[in-house]
Amino acid sequence: MIKKIILCLCLLMGGMAAQAQCGAENTAIKPGETLSYRLKFNWKFIWVNVGWAKMTVNTTTYKGQPCLQTDLLSFTKPSIDKFFKMRDTLTCITTEKLEPLYFRKGAEEGKRYTVDEVNFAYRNGKCIVDQQRSVNWGTPDKHHDEMPVCVYDMLSILLQARSYDPTDYRPGQKILFSMATGRAIEKQTLIYRRKENYEAENGVTYRCLVFSLVEYTKENKEKEVITFYITDDLNHLPVRLDMYLNFGSAKAFLSDIKGNRYPLTSIVKTK
């Protein structure tokens, strides 16, 4: 489930060619920002609180240069662990211009533990991607790619996308980007749907931009994977995520915000 949660956070980004173009000005995120989420799952027509997720952004030094480090932690409640245990830890390091340099995901989901690692480099106008995956502490499966387009990981794409201006987006517009998963480089498709007001569980109503992450069937028909709601302000905070899973449906709700860079001008009503 956490992969779908992260994918749904990946906004507004398309691929570009040269190293200098793989970066972007960070206009949305301030180091010290912390976002907390409640995770819920539909169990026999009842929504059950199954766990939490927290994402933080801080400054760090990587290979001698100042960088940003983003961490995303997610876990299920102890009472849920006997049905399905999830302990996921993700870390990405980017330059101050948000170019991805390193990504790691350690995921304990049920009885399976996987570690994905991705290292990024930039030479001769290409994005060099070295990635590997190990399962239950086994021998890593390694892959090397040299791409003429920019490639991102699950977190660095989110950081860049939050700084982009969606003002000119029109309903139905598609956004494409390339993402390294630890095993391969995959093409992802997002579709901008509409603007909509969303009332959170705490009674606060946000003006939001609504996007969909979709897959395509063999008949080339769209299959909705995730619907997500992003604050229509300069922060572009994901406040609600609706996930359509093979075994049911799940939701993630933003429960706490600390260190946001701008005022939440997307709030249209408080409780």
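These figures come from a predicted structure and were not determined experimentally. Computed from heavy atoms alone, side chains included, the values below leave out hydrogens, waters and symmetry copies.
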Quick one: pull up CD in Q69 and CG in L101 and give me the separation to the nearest 0.5 Å. 11.5 Å
Hey, are the side chains of D242 and Y229 touching, using non-hydrogen atoms and a 4.5 Å cut-off? yes
Under 3.5 Å side-chain donor-acceptor pair for S36 and D256: no
Min side-chain heavy-atom separation Q131-D145 under 4.5 Å: yes
How about CD on E25, more than 12 heavy atoms from neighbouring residues, nucleotides or ligands closer than 6.0 Å, or not? no
Joint hydrophobic cluster, Y102 plus I128, side-chain heavy atoms closer than 4.5 Å: no
Any chance the side chains of T89 and K105 put a donor and an acceptor closer than 3.5 Å? no
Identify the two heavy atoms, one from H144 and one from D130, that lie closest to each other, and give their separation to 0.1 Å. ND1-OD1, 2.6 Å
Can you list the residues that meet the side-chain contact (heavy atoms from CB on, under 4.5 Å) rule with E96, with sequence neighbours excluded? P66
Sequence neighbours left out, what pairs pass salt bridge (Lys or Arg N to Asp or Glu O under 4.0 Å) with at least one residue falling in residues 67-83? D81-R87
One thing to verify: whether R240 and E196 come together as a salt bridge, which I'm taking to mean a side-chain N less than 4.0 angstrom from a carboxylate O. no
For the atom pair SG (C208) and CZ (R194), what is the distance rounded to the nearest 0.5 Å? 10.5 Å
State whether cysteine residues C127 and C22 meet the disulfide criterion of an SG-SG distance below 2.5 Å. no
Do you know which two heavy atoms are closest between G203 and E199, and how far apart they sit? CA-OE2, 3.9 Å
Distance from Y152 atom OH to F120 atom CZ, nearest 0.5 Å? 10.0 Å
Do I175 and L159 share a hydrophobic cluster (ILVMFWY, side-chain heavy atoms under 4.5 Å, transitive)? no
Walk me through whether F211 and I191 qualify under side chain to side chain contact (heavy atoms under 4.5 Å, CB included). CA-CA 6 Å; F211 289 82; I191 301 177; over 6 Å; no
Flag yes if F253 and V210 sit in one hydrophobic cluster, no otherwise; membership is Ile, Leu, Val, Met, Phe, Trp, Tyr, and two members link when side-chain heavy atoms are under 4.5 Å apart. yes
Candidate pair W52 and L73, rule side chain to side chain contact (heavy atoms under 4.5 Å, CB included), full reasoning: CA-CA 8 Å; W52 300 269; L73 310 177; over 6 Å; no
For L234, the other hydrophobic cluster members (4.5 Å side-chain criterion, sorted by chain and number) are Y262
Contact between Y169 and L209 at the side-chain level, heavy atoms closer than 4.5 Å - yes or no? no
Short N-O contact, K251 and E201, less than 4.0 angstrom: no
Are any non-hydrogen side-chain atoms of V129 and V118 less than 4.5 angstrom apart? yes
Flag the pair T94 / T70 as yes when at least one side-chain heavy-atom distance between them is below 4.5 Å, and no otherwise. no
Tell me the closest heavy-atom pair linking A250 and F41, and the distance in Å. CB-CD1, 4.2 Å
Hydrophobic clusters here meaning ILVMFWY residues chained together by side-chain heavy-atom distances under 4.5 Å, can you tell me if I257 and I29 are in one? no
Paired with D116, the salt bridge (charged side-chain N to carboxylate O under 4.0 Å, His left out) test is passed by just one of R133, R183, R104, namely R133
N/O donor-acceptor pair under 3.5 Å between R38 side chain and S255 backbone: no
With hydrophobic residues grouped by side-chain heavy-atom distances under 4.5 Å, do L72 and L68 end up in a single group? no
Do L39 and M86 have side chains that approach each other closer than 4.5 Å (heavy atoms only, starting at C-beta)? yes
Kindly say whether N136 contributes a backbone atom to a donor-acceptor pair with the side chain of R112 at under 3.5 angstrom? no
Judged by atom type as modelled, is there a donor-acceptor pair below 3.5 Å linking the side chain of N124 to the main-chain atoms of K126? no
For side chain to side chain contact (heavy atoms under 4.5 Å, CB included), just list the numbers for S178 and K187, CA-CA rounded to whole Å, side-chain angles, deciding distance to a tenth of an Å, and then say yes or no. CA-CA 5 Å; S178 298; K187 295 290 186 181; 2.9 Å; yes
Under a 3.5 Å distance rule, please check whether Q160 uses its side chain to pair with a backbone N or O of L98 as donor and acceptor. yes
Using 0.5 Å steps for rounding, measure from the CG atom of L155 to the OG1 atom of T91. 8.0 Å
If you look at every heavy atom in G106 and Y113, which pair is closest and at what distance? CA-OH, 4.1 Å
Is a side-chain donor or acceptor of T95 paired with a backbone partner of K97 at a separation under 3.5 angstrom? yes
Distance in Å, L237 CG paired with E33 CD, rounded so as to fall on 0.5 Å steps: 6.0 Å
Looking only at heavy atoms, the pair that brings A28 and S163 closest together is N-OG, 3.5 Å
Roughly how far, to the nearest 0.5 Å, is OG1 of T265 from OH of Y206? 11.5 Å
Under 4.5 Å between any side-chain heavy atoms of L190 and F177, yes or no? yes
Would you mind reporting whether P238 and Y37 have side-chain heavy atoms less than 4.5 Å apart? yes
Closest heavy-atom pair, R193 versus V214, reported as atoms and distance to 0.1 Å, is NH2-CG1, 3.9 Å
If you apply the rule side chain to side chain contact (heavy atoms under 4.5 Å, CB included), what do you find for R162 with T27, and how did you get there? CA-CA 8 Å; R162 285 179 56 191; T27 62; over 6 Å; no
